[in-house]
Amino acid sequence: MIRLQNVSKSYAGRLALKDVNLHVALGEFAFLVGPSGAGKSTLMRLLYREEVPTSGNVFIGGVNLNKLSSPQIPLLRRRLGIIFQDYKLLTRQTAYDNVAYILRAHGIDEKEVRKRVNSALNVVNLEDKQDAFPDELSGGEQQRVGIARAIVNGPPVLLADEPTGNLDPATSLEIVQLLARISQRGTTVLISTHDHTIVNTMRRRVISMRAGEVATDIDSGFYEVQGQIQV
Amino acid sequence: MRHLRVFWRICVETMLGIKHSGWSNWLVVSILAIALTIFGSVLQLTMTLKDVVNYFGSQMVISAFLKDNFEPGKVAQEISQFVEVRLVEVIDKNKSWGEMQKTMKVASIPNPLPNTLHIRVAKPEQVEKLAPKLQLLSGVEAVRYPMMVARRLNEVRHFFEIAGVAVTAVLAFATLIVIGNTIHLVIQARHKEIEILSLMGVGHFYIKCPFVLQGAFYGAVSALFAAVVIIGVELYVIKPYVSNELVSFASMMPTGFGYNLVETFLVMLALGMAVGAGGGAWASGRYIKI
Ligand SMILES: Nc1ncnc2c1ncn2[C@@H]1O[C@H](COP(=O)(O)OP(=O)(O)OP(=O)(O)O)[C@@H](O)[C@H]1O
Ligand SMILES: [Mg+2]
């Protein structure tokens with residue numbers, strides 16, 4: 001579902017990603033870990049075509065993102081659910097309207113919108129807060145709105161760049177477990193994080209990056225500690 | 001149906017954008033309204049002059065004033081020999097003097113009027129051909145025809161037309177920049193929102209369209225204000241003036257004289273919306289990077 005072939009990305013001559021090769025299969029759930037500056041966010045931005053690689057190819061569902069024209073980028077992003085560390089909610093709109101936005105922008109009729117939004121809010125268990133504005137919600141609740149928005153279109157791929165970066169440990173675990181439940185329905189999920197506890201609790205695939213390179217890639221792995229990998 | 005719903009959503013986004021623009025709405029609308037008022041007035045004036053010119057230009061009568069020692073009937077006979085002439089009417093100087101004395105209460109002085117012939121031709125363009133020939137006749141003192149007035153007016157109109165185009169071009173450019181900058185500010189204020197929409201996969205057209213519509217909306221509202229000003233001036237300043245001070249002049253005019261205000265408004269509306277939408281399109285194209 002997600003494939004990177006010899007991908008490098010440099011900013012002003014400095015390499016942020018070096019010859020990265022990676023494959024995440026359909027329905028897989030994987031963590032992307034690594035110290036600050038390792039290139040996790042850069043990799044994520046390549047996946048949702050916020051950036052283009054300096055060299056190499058990025059594929060999502062067989063589509064080479066290098067070949068996308070500018071009007072095709074929204075089409076790609078509609079097939080991705082993107083979740084952000086800072087949630088990126090529309091502050092002037094309620095939880096419900098945030099989730100409904102993309103559907104309405106495509107002229108889906110209000111009855112169908114209600115059905116899909118309620119179903120997405122149900123998945124994140126936030127139906128009772130649907131009329132709240134983002135600033136009336138806790139961080140965890142805001143992130144759950146973000147997740148509901150990401151899944152409302154039923155995308156085959158979910159990308160989450162440090163989705164728990166601003167949350168306390170208990171809430172973080174809750175959010176990641178929620179994403180794991182969503183992945184069980186066949187959605188490919190890639191989460192970048194440097195939260196050891198979560199990675200070690202979940203015991204899923206761990207792709208570990210260091211200085212722009214994939215250092216290790218282990219199924220049911222642990223977070224790498226001090227250069228050692230516990231298996 | 002789906003497209004209709006999308007269009008409706010875009011309109012809602014536009015209205016929200018306008019609501020969030022606050023005081024700058026008024027700045028843009030007042031500047032654009034002033035520009036459109038000037039444009040509309042010039043348009044109204046040149047079009048009215050054009051009407052008058054056409055009215056005079058379409059007259060098919062030449063007035064020939066005769067020398068006192070010539071017999072009007074004889075000159076009329078002579079003139080009717082020209083092929084262009086359809087009808088010659090003799091206006092006796094004593095008769096017209098009598099009428100003038102009745103209507104205008106002029107002092108009893110010797111009759112200053114000449115005998116006059118009204119010569120009708122078949123086609124308007126024959127007026128200018130025939131008039132110089134008449135002038136050469138020995139019995140004719142002077143020749144007058146409405147086209148002479150029309151020519152003068154046409155020159156005036158031409159000047160206003162050129163000045164109007166120039167002024168409009170400058171004003172349109174200035175307002176384009178004002179609108180562009182206002183919408184630039186709106187885009188800046190909403191750049192986070194725009195980024196979010198873009199990441200959510202909202203289409204570029206859907207994101208940019210509200211800004212273009214916002215500009216067009218400014219154009220429409222400004223045209224409305226400008227039209228109110230122009231109609232007000234027309235009704236409360238020009239109309240009373242024309243009917244009080246220029247009654248004799250106005251009575252010469254055909255009824256329904258004057259350029260249609262509705263048409264002026266439609267032209268202002270079109271221009272305002274075009275300039276507004278243009279400013280919005282320019283700003284959203286230049287400043288929304290997605
Ligand atoms: N827009 C940019 N311009 C210049 N350099 C950049 C840009 N984005 C990232 N970099 C550089 O690329 C490298 C990788 O950054 P990236 O944000 O991908 O790291 P990260 O793994 O996400 O780190 P963190 O855990 O702190 O979020 C860093 O050295 C960073 O300075
Ligand atoms: Mg990062």
Side-chain angles (χ1 to χ4, degrees), chain A residues 41 44-45 47-51 60 68-93 97-113 120 134 142 145-155 157 159-161, chain B residues 1-25 182-183 185-214 216-217 280-290:
Chain A
S41 298
M44 287 287 189
R45 283 200 296 272
L47 294 179
Y48 54 81
R49 192 48 160 75
E50 179 86 338
E51 303 271 10
I60 300 264
L68 288 186
S69 65
S70 150
Q72 289 173 316
I73 296 171
L75 303 178
L76 164 76
R77 291 182 184 163
R78 261 173 255 164
R79 298 185 61 233
L80 302 172
I82 315 175
I83 297 157
F84 306 91
Q85 177 171 358
D86 57 356
Y87 325 126
K88 292 203 191 297
L89 300 178
L90 300 169
T91 51
R92 288 195 279 238
Q93 308 219 3
D97 290 339
N98 264 283
V99 179
Y101 195 100
I102 187 75
L103 302 177
R104 287 170 172 161
H106 291 117
I108 293 168
D109 79 273
E110 208 55 30
K111 222 175 98 189
E112 178 71 15
V113 168
Q142 288 185 58
V145 175
I147 292 169
R149 180 181 66 185
I151 63 171
V152 76
N153 256 332
V157 177
L159 303 174
D161 191 6
Chain B
M1 202 53 207
R2 225 194 91 206
H3 287 96
L4 216 66
R5 278 194 292 266
V6 171
F7 177 70
W8 168 244
R9 295 309 309 183
I10 289 176
C11 289
V12 171
E13 295 291 332
T14 308
M15 288 186 277
L16 286 174
I18 291 163
K19 204 177 119 196
H20 294 142
S21 299
W23 60 268
S24 52
N25 286 330
T182 306
I183 290 182
L185 290 180
V186 177
I187 289 169
Q188 266 181 345
R190 300 182 68 184
H191 84 275
K192 251 193 90 179
E193 240 170 276
I194 291 167
E195 185 208 339
I196 293 170
L197 300 186
S198 166
L199 289 172
M200 279 160 62
V202 177
H204 298 179
F205 176 80
Y206 188 92
I207 293 176
K208 289 180 179 179
C209 203
F211 297 104
V212 178
L213 288 185
Q214 185 168 351
F217 172 82
W282 172 73
S284 60
R286 178 137 165 43
Y287 298 111
I288 298 180
K289 289 276 162 268
I290 41 181

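Here is the naming used below: chain letters follow the sequence lines, and residue numbers restart at 1 for every chain.
Using modelled atom types, no side-chain atom of Glu112(A) and backbone atom of Asp109(A) make a donor-acceptor pair closer than 3.5 Å. No side-chain donor-acceptor contact under 3.5 Å links Asn153(A) to the backbone of Pro155(A). With hydrogens and angles ignored, the 3.5 Å screen pairs no side-chain donor or acceptor of Lys192(B) with any backbone N or O of Ala189(B). Under a 3.5 Å cut-off, the side chain of Arg79(A) and the backbone N or O of Val157(A) do not form any donor-acceptor pair. Within the 3.5 Å criterion, the main-chain N or O of Arg77(A) finds no donor-acceptor partner in the side chain of Arg49(A).
Contacts between Ile82(A) and chain B at a heavy-atom distance below 4.5 Å involve the side chain alone, from C-beta outward. For chain A, the nearby parts of Leu199(B) are the backbone and the side chain; heavy atoms of each come within less than 4.5 Å. Contacts of Thr91(A) with chain B are absent, with no heavy-atom separation under 4.5 Å from either backbone or side chain. Looking at Leu76(A), there are no atoms closer than 4.5 Å to chain B (heavy atoms on both sides), in backbone or side chain.
Contact residues of residues 8-24 of chain B toward chain A are Arg9(B), Glu13(B), His20(B) (heavy-atom distance under 4.5 Å). Scanning residues 202-210 of chain B against chain A with a 4.5 Å non-hydrogen threshold yields Val202(B), Gly203(B), His204(B), Tyr206(B), sorted by number.
Contact annotation: the side chain of Asn98(A) never approaches that of Lys88(A) to less than 4.5 Å [non-hydrogen atoms, C-beta and beyond]. Contact check for Leu47(A) versus Leu80(A): no side-chain heavy atoms found under the 4.5 Å cut-off. Annotation: side chain of His3(B) is not in contact with side chain of Phe7(B) (no heavy-atom distance under 4.5 Å).
At a threshold of 4.0 Å, the pair Arg5(B)-Glu110(A) does not count as salt-bridged, since none of the basic side-chain nitrogens sits closer than that to a carboxylate oxygen. One finds no salt bridge joining Arg45(A) and Asp161(A) here, because no Lys/Arg side-chain nitrogen approaches an Asp/Glu carboxylate oxygen to under 4.0 Å.
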- Passes side chain to side chain contact (heavy atoms under 4.5 Å, CB included), Trp282(B) versus Tyr287(B)? Steps please. CA-CA 8 Å; Trp282(B) 172 73; Tyr287(B) 298 111; 4.0 Å; yes
